[in-house]
Structures are given as structure tokens and as C-alpha cells.
Undergrad: 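First the structure, which I've put down as C-alpha cells, then a few questions once you've had a look.
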Amino acid sequence: QVQLVESGGGLVQPGGSLRLSCAASGFTLRYYAIGWFRQAPGKEREGVSCIDSLDARTYYGDSVQGRFTISRDNNKNMVYLQMNSLKPEDTAVYYCATDNGAAGCRDSHALVRELVHFWGQGTQVTVSS
């Protein structure tokens with residue numbers, strides 16, 4: 001079965017850290033650019049970070065630059081999002097997604113939605129005291 005599964009979400013205090021994981025099954029992640037998106041209540045889904053397939057070049061949105069780090073382990077078929085210095089405004093459901101195998105990040109922190117091939121089911125991150 002082809003799927004992406006996120007994990008690692010939870011409740012954390014402001015200033016805390018979480019590490020999200022995105023596990024692929026049924027296909028090989030190494031050939032895909034991977035993006036992390038998030039969607040807060042009442043807001044549109046937004047791109048957070050992206051990592052290219054071949055050179056693993058990374059991109060970040062302004063709101064997470066310097067606090068979040070995206071990485072991939074192709075041997076484990078995994079992608080990660082290390083989130084530090086979390087803020088209440090980071091509260092959202094976080095999703096990982098792949099491109100279509102050819103598009104790449106296109107020098108952007110947000111995968112082009114129309115070119116997303118696989119979506120995960122999401123993991124909730126809540127930043128609150």
C-alpha cells in the first residue's frame with residue numbers, strides 16, 4: 001500500500017521543540033522532493049519547508065526560517081522536520097507531501113499544490129502554555 005504517514009506531533013509549551021517524521025511505504029522517497037505543509041483552524045494550508053530529491057537542497061518560509069530544519073534519510077525512507085523555538089502561531093495540523101517526481105521544490109519552500117503526488121494524513125501540533 002502506497003502511503004505517507006506523519007508522526008511526532010503533540011502538545012508543547014512555547015519555546016519548546018518537536019521533531020516530526022514522515023515515513024513512506026510502498027514507494028521510494030529518494031526520487032521525490034518532499035514538502036511540509038501546515039493548516040491552522042480557519043486558515044488555508046500553507047507550505048512550510050521543502051527539500052529537493054537529488055541535492056537535498058532546503059527551503060524555508062519566512063515564518064519558520066532559523067527555527068525549523070527539514071532533512072531526509074533516503075536509506076530509511078524518511079523525512080523529518082525539526083521544530084525549535086515553537087510559538088503559539090505554529091499550532092496547526094502538519095502534513096508531508098511529495099512532488100510528482102519531476103517538479104522539485106522549484107526554489108520555493110512550498111511545493112506547487114497541483115504537482116503534489118502523495119499527501120500524508122497529518123499530525124497535530126499544538127503550542128500552548
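Predicted, not measured: the structure shown is a model, and the values here were computed from it.
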Undergrad: Report the distance from atom CG of Asn84 to atom OG1 of Thr69, rounding to the nearest 0.5 Å.
TA: 6.5 Å
Undergrad: More than 12 heavy atoms of other residues, nucleotides or ligands under 6.0 Å from CZ of Arg113: is that the case?
TA: yes
Undergrad: Got a salt bridge between Asp90 and Arg67, using NZ or NE/NH1/NH2 to carboxylate O under 4.0 Å?
TA: yes
Undergrad: I want to check something: taking the side chain as every heavy atom from C-beta on, are Asp52 and Tyr59 in contact at a cut-off of under 4.5 Å?
TA: yes
Undergrad: Where do Leu29 and Val79 land on the side chain to side chain contact (heavy atoms under 4.5 Å, CB included) test, with the steps shown first?
TA: CA-CA 8 Å; Leu29 266 183; Val79 173; 3.9 Å; yes
Undergrad: Which pair of heavy atoms, one from Gly9 and one from Leu20, lies closest together, and at what distance?
TA: N-CD2, 3.6 Å
Undergrad: Provide the closest heavy-atom pair for Ala92 versus Gln124 in the form atom of the first, atom of the second, distance.
TA: O-NE2, 3.5 Å
Undergrad: What verdict does the side-chain hydrogen bond (donor to acceptor under 3.5 Å, both in side chains) test give for Arg19 and Ser71, after you've listed the backbone C-alpha separation in whole Å, the side-chain angles of each residue and the deciding distance to 0.1 Å?
TA: CA-CA 11 Å; Arg19 187 196 196 201; Ser71 62; 5.2 Å; no
Undergrad: Hey, could you give me the CD/OG distance between Gln13 and Ser129, rounded to the nearest 0.5 Å?
TA: 7.0 Å
Undergrad: Check the hydrophobic clustering (I, L, V, M, F, W, Y; side-chain heavy atoms under 4.5 Å; chains of links allowed) and say if Tyr95 and Ile70 are grouped together.
TA: no
Undergrad: Looking at side-chain heavy atoms only, is the closest gap between Cys50 and Ile34 below 4.5 Å?
TA: no
Undergrad: Should Phe37 and Cys96 be marked as a side chain to side chain contact (heavy atoms under 4.5 Å, CB included) after you check the CA-CA gap, both sets of side-chain angles, and the distance that decides it?
TA: CA-CA 6 Å; Phe37 291 79; Cys96 62; over 6 Å; no
Undergrad: Could you give the distance from OG (Ser53) to CG (Asp99), rounded to the nearest 0.5 Å?
TA: 6.5 Å
Undergrad: Using 0.5 Å steps for rounding, measure from the OG1 atom of Thr123 to the OH atom of Tyr94.
TA: 10.5 Å
Undergrad: Is any side-chain heavy atom of Phe68 less than 4.5 Å from a side-chain heavy atom of Ser49?
TA: no
Undergrad: Is any side-chain heavy atom of Glu6 closer than 4.5 Å to a side-chain heavy atom of Gln121?
TA: yes
Undergrad: Under 4.5 Å between any side-chain heavy atoms of Met83 and Val12, yes or no?
TA: no
Undergrad: Would you find more than 12 non-hydrogen atoms of other residues, nucleotides or ligands less than 6.0 Å from Asp55 atom CG?
TA: yes
Undergrad: On the ring face of Trp119, is Arg45 found with NZ or CZ under 6.0 Å from the centre and within 45° of the axis?
TA: yes
Undergrad: Scan side-chain atoms only and decide if Thr58 and Arg72 contain a donor-acceptor pair under the 3.5 Å cut-off.
TA: no
Undergrad: Does the side chain of Val116 reach to within under 4.5 Å of the side chain of Asn100, using non-hydrogen atoms?
TA: no
Undergrad: Begin from the C-alpha positions of Asn77 and Thr28 and carry the test side chain to side chain contact (heavy atoms under 4.5 Å, CB included) through to its verdict.
TA: CA-CA 6 Å; Asn77 226 23; Thr28 302; 4.2 Å; yes
Undergrad: I need the minimum non-hydrogen distance between Ala110 and Gly47, along with the two atoms involved.
TA: CB-CA, 3.8 Å
Undergrad: CD of Glu44: more than 12 outside heavy atoms within 6.0 angstrom?
TA: no
Undergrad: Which heavy-atom pair separates Val64 from Arg38 by the least distance, and what is that distance?
TA: CG1-NH1, 3.9 Å
Undergrad: Is there a side-chain contact between Gln82 and Ser17, using heavy atoms and a 4.5 Å cut-off?
TA: yes
Undergrad: According to a hydrophobic-cluster definition based on side-chain heavy atoms being under 4.5 Å apart (Ile, Leu, Val, Met, Phe, Trp, Tyr only), do Ile51 and Leu115 belong together?
TA: no
Undergrad: Is Ser108 reaching over with its side chain to a backbone N or O of Cys105, donor-acceptor style, under 3.5 angstrom?
TA: no
Undergrad: Just checking, any donor-acceptor pair under 3.5 angstrom between side chains of Asp73 and Tyr80?
TA: no
Undergrad: Distance from Leu18 atom CG to Leu81 atom CG, nearest 0.5 Å?
TA: 9.5 Å
Undergrad: Test of understanding: clusters of I, L, V, M, F, W, Y form through side-chain heavy atoms closer than 4.5 Å, transitively. Do Val2 and Tyr32 belong to the same one?
TA: yes
Undergrad: Does Leu4 form a side chain to side chain contact (heavy atoms under 4.5 Å, CB included) with Phe27? I'd like the steps, not just the answer.
TA: CA-CA 9 Å; Leu4 285 174; Phe27 70 103; 3.7 Å; yes
Undergrad: Could you report the tightest heavy-atom contact between Gln39 and Lys43, atom names first, then the distance?
TA: NE2-O, 3.1 Å
Undergrad: Using a 4.5 Å cut-off on heavy atoms from C-beta on, say whether the side chain of Asn75 contacts that of Arg30.
TA: yes
